[in-house]
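To keep things clear, I will list the structure first and then write my remarks on it.
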Amino acid sequence: MSVRGIRGAITAENNDKDSIFVATQELVRQVIVANQLATEDICSIIFTVTQDLDAAFPATAARALGLDLVPMICSYEIAVPGSLPRCIRLLMHVNTEKKQSEIVHVYLKGARSLRPDLV
């Protein structure tokens, strides 16, 4: 069994708790479904947000999905001119038998523009 990293990103409609929760939960759910993961397969999740999102922690939204035992951290991204606004990204580490080429990275809503090769 290997530990693999899964990348994902989504944009939130607004900088408010509900928008951040809805976007984060959609992203986490889609990553889990796309990679056929069980909750116990998830080792950890690192969330980053653009500096225009400060109303809620994405990890709190993920915990509300029942991921209580998964270590998580949230961080701000550097403010790069022209970067995508209101973006939530994740790096999920999972235990899996899948090859690296079988991992499905998930980019949703406005974040699709970050990795058009994967969409």
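Applying the 6.0 Å contact sphere to CG of L91 captures more than 12 heavy atoms from other residues, nucleotides or ligands.
Expressed to the nearest 0.5 Å, how far SG of C43 lies from CG of L69 amounts to 12.5 Å. To the nearest 0.5 angstrom, R4 atom CZ is 8.5 Å from S101 atom OG. Distance check: L65 CG to T60 OG1 gives 11.5 Å after rounding to the nearest 0.5 Å. Remark: M72 CE to F47 CZ distance equals 5.5 Å, nearest 0.5 Å. Atom SG of C87 is separated from atom CD1 of I10 by 9.0 Å, given to the nearest 0.5 angstrom.
Each of F57 and L67 belongs to its own hydrophobic cluster when Ile, Leu, Val, Met, Phe, Trp and Tyr are linked at side-chain heavy-atom distances under 4.5 angstrom. Y107 and I88 are members of different hydrophobic clusters when ILVMFWY side chains are connected at heavy-atom separations under 4.5 Å. Cluster annotation: I46 is not connected to L108 through the hydrophobic network of ILVMFWY side chains, with a link wherever side-chain heavy atoms come within less than 4.5 Å. Hydrophobic clustering, with ILVMFWY side chains joined whenever heavy atoms are under 4.5 angstrom apart, groups I103 together with L90.
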Using atom types as modelled, flag every donor-acceptor pair under 3.5 Å from a side chain in residues 21-33 to any protein atom, sequence neighbours excluded.
| from | atom 1 | to | atom 2 | distance (Å) |
| --- | --- | --- | --- | --- |
| T24 | OG1 | I20 | O | 2.8 |
| Q25 | NE2 | A61 | O | 2.9 |

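Considering only residues two or more places apart in sequence or on other chains, S44 meets the side chain to side chain contact (heavy atoms under 4.5 Å, CB included) condition with P71, H93.
Screening residues 5-18 for salt bridge (Lys or Arg N to Asp or Glu O under 4.0 Å), with sequence neighbours left out, gives no hits. Evaluation of the salt bridge (Lys or Arg N to Asp or Glu O under 4.0 Å) test over residues 96-107, restricted to residues two or more places apart or in two chains, returns none. For residues 48-57, the pairs satisfying side chain to side chain donor-acceptor pair (under 3.5 Å) are N15-D54, T48-E77, T50-D52, with sequence neighbours left out.
Residue I78 is found in a hydrophobic cluster whose other members, listed by chain and number, are V80; membership requires side-chain heavy atoms under 4.5 Å apart, directly or through intermediates.
When all heavy atoms of L84 and S113 are compared, the pair lying nearest together is CD1-OG, 4.2 Å. The nearest pair of heavy atoms linking P58 to V49 is CG-CG1, 3.6 Å. Closest heavy-atom contact between T11 and K109: OG1-CB, 3.4 Å.
Judged by distance alone, the side chain of R86 and the main-chain N or O of A12 form a donor-acceptor pair under 3.5 Å.
The shortest distance between side-chain heavy atoms of N35 and I6 falls below 4.5 Å. By the 4.5 Å heavy-atom criterion applied to side chains, L114 and R89 are counted as neighbours.
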